[in-house]
Every structure is written in structure tokens, then in C-alpha cells.
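Below is one structure, written out as C-alpha cells; the observations come after it.
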Amino acid sequence: MLYLKLFVSLLLSLLFISWASIAVMLNHAERLGLDDLALTGKRLMQHYQIAEFEIDRAYLLGRKVIAQIDHVIYADTQAVISEVRPLVGGVMMDEVMVLATDDSLILLTAEGDFLARLGAADRVPPEIQNIGLAYGEPVLQTRSGMWRSNFLLDDWEKIDLAGVSWSQTYAMPDSVYEEYRLYFVGQGISLRQLLSDLQRGRLTVWLGVWFADLLWLLMTVLALLSLWRWSLNRP
């Protein structure tokens, strides 16, 4: 029984010290720079309902990083066009980007602005698997073979050609990925907000709030009992 009392006393003391330390840190949040310290843990972001993002595919075309995230095309984190089927490739033709899905071609300017979308009505071959360049002209790899067009993309002919420079996905460096992460996720959760929610028991479901209230109640009772005992022992 003695060990149990010691354990409970130690546990309550540690909790009291922790809660008091958090309160002191929050009182001096500006001086400690708690708003500048951010956390981006996956579970923490899920708790605060900040959506994660995943780059499906990315291509480096000219000076722009073209990425597809959830059927939306981005040029350096700027949304260009939505409701797009999965990209299969992309090439740069002079000052025009040509992106390919399995059933259409999407044309962008060198700055990433939308120009046009070409499909079956524009005689673009179906079931596209990749896009490349051969002597400066666009070439499509499809299930039925290779097709080549002119720079206007308005006339396609079936060919059997070697030496095509096929499109390849872009291995995005950490610095560029960080730009996308900051755009979609933000800086994260500030340490000040985390400590404040922890102190109020709001990092878990409703049980966390009741636990925090119970802890404050226990500390209040202990403080009143200490005052009562002190008053009894006064000479």
C-alpha cells in the first residue's frame, strides 16, 4: 500500500510539473518562439485534419516542373487544369509543352498556361502509352504502334522508327518537393498550438478533455488537502 501511495504521488507530481511547465511556456510563447516551431508528423496532421498529398507523376519541361496530383495538373504548384486522366508523358516543343494522357494531349505555354486539349475529335491516336520526340517532331507510342505528327499536331501517320527520345518521369529533388509540401500542407502545426491543445486535453477524442478536467480537479483537491493539513498543524 505504501508503494502504491508513493507511485500515485509521484505520478501526480510529474503530471503537475508537466502541466505547470506547459503553462509557463505558453505564457512566454512569443519569447520562446513557439509559433515559429512547426511539427508535421503524419498522425499529427491527420488529427488536425490537414490532408496529406502525393505526387502521382512529375516531369521537368523547360523551366517548369509539371506535376499531377489527384487528377489536377500543376505547373510549379500552380493549378492549370483539373479532371485530367493519369499522365503518361510530356515533352517540350519549342515554347509549347505537350502532355499526354491515354486519350488526349494537353498543350501548355512555356510559362505553364493552358492552351488547348486535343482528343479523338482532333484525330489524336487512342490508347497512348508514352510521348517522345524524333528530330523535333512529336511521336506517340500507342497500343497499335507508333505515330508521328508535325509541330501543329493536326496530322498523324503510323511509323516504325528507332531513336525516339521518349518522355521520362522527373525525380523531384527535396527542395522542389518541399515547395509542393508547403503549398498543400503548409508549415504544419505550431508548437504553441500543440501545447495549448495538450494542456486542454484536446489531442485525443472527448476522453482527453475529461482527463484534463479530472487532472485539474485532482490537483485542486490535493492543494486544498495540503492547506487543510497545514491549518490543522498550526500551533
Non-hydrogen atoms of [X] and [Y] that approach each other most closely:
X	Y	value
R117	D122	O-OD2, 4.0 Å
Y180	T77	OH-N, 3.5 Å
A58	M172	CB-CE, 3.6 Å
G132	V91	CA-CG1, 3.9 Å

Closer than 3.5 angstrom, by distance alone: can the side chain of [X] be matched with the main-chain N or O of [Y] as a donor-acceptor pair?
X	Y	answer
N150	L152	yes
S149	D155	yes
S104	G119	no
D56	D70	yes
Q68	V84	yes

Hey, could you give me the [atom1]/[atom2] distance between [X] and [Y], rounded to the nearest 0.5 Å?
X	Y	atom1	atom2	value
D113	L108	CG	CG	8.0 Å
E111	D76	CD	CG	9.5 Å
S144	Q129	OG	CD	9.0 Å
E95	T109	CD	OG1	9.0 Å
S167	Q141	OG	CD	12.5 Å
R148	L161	CZ	CG	6.0 Å

- request: I would like to know whether V88 and I131 meet side chain to side chain contact (heavy atoms under 4.5 Å, CB included); could you show each step before the answer?
  value: CA-CA 8 Å; V88 297; I131 185 172; 5.9 Å; no
Should [X] and [Y] be counted in the same cluster of Ile, Leu, Val, Met, Phe, Trp and Tyr side chains packed under 4.5 Å apart?
X	Y	answer
I159	V124	no
L115	L118	yes
V72	V65	yes
M93	I128	yes
L60	Y177	yes

Does some side-chain heavy atom of [Y] sit less than 4.5 Å from a side-chain heavy atom of [X]?
X	Y	answer
L140	L105	yes
P125	K158	no
W147	V139	no
P138	L153	yes
H71	E83	no
I73	L87	yes
F151	D94	no
V98	L107	yes

task: Evaluate whether atom CD of Q168 has more than 12 neighbouring non-hydrogen atoms of other residues, nucleotides or ligands under 6.0 angstrom away.
output: no
field: side chain to side chain contact (heavy atoms under 4.5 Å, CB included) between I106 and F114, worked out
entry: CA-CA 8 Å; I106 300 169; F114 177 76; 4.1 Å; yes
- request: Determine the sole option in T169, I66, L99 for which the side chain to side chain contact (heavy atoms under 4.5 Å, CB included) test with R57 is passed.
  value: T169
field: Stepwise side chain to side chain contact (heavy atoms under 4.5 Å, CB included) test for M97 and Y59
entry: CA-CA 11 Å; M97 303 180 196; Y59 301 90; over 6 Å; no
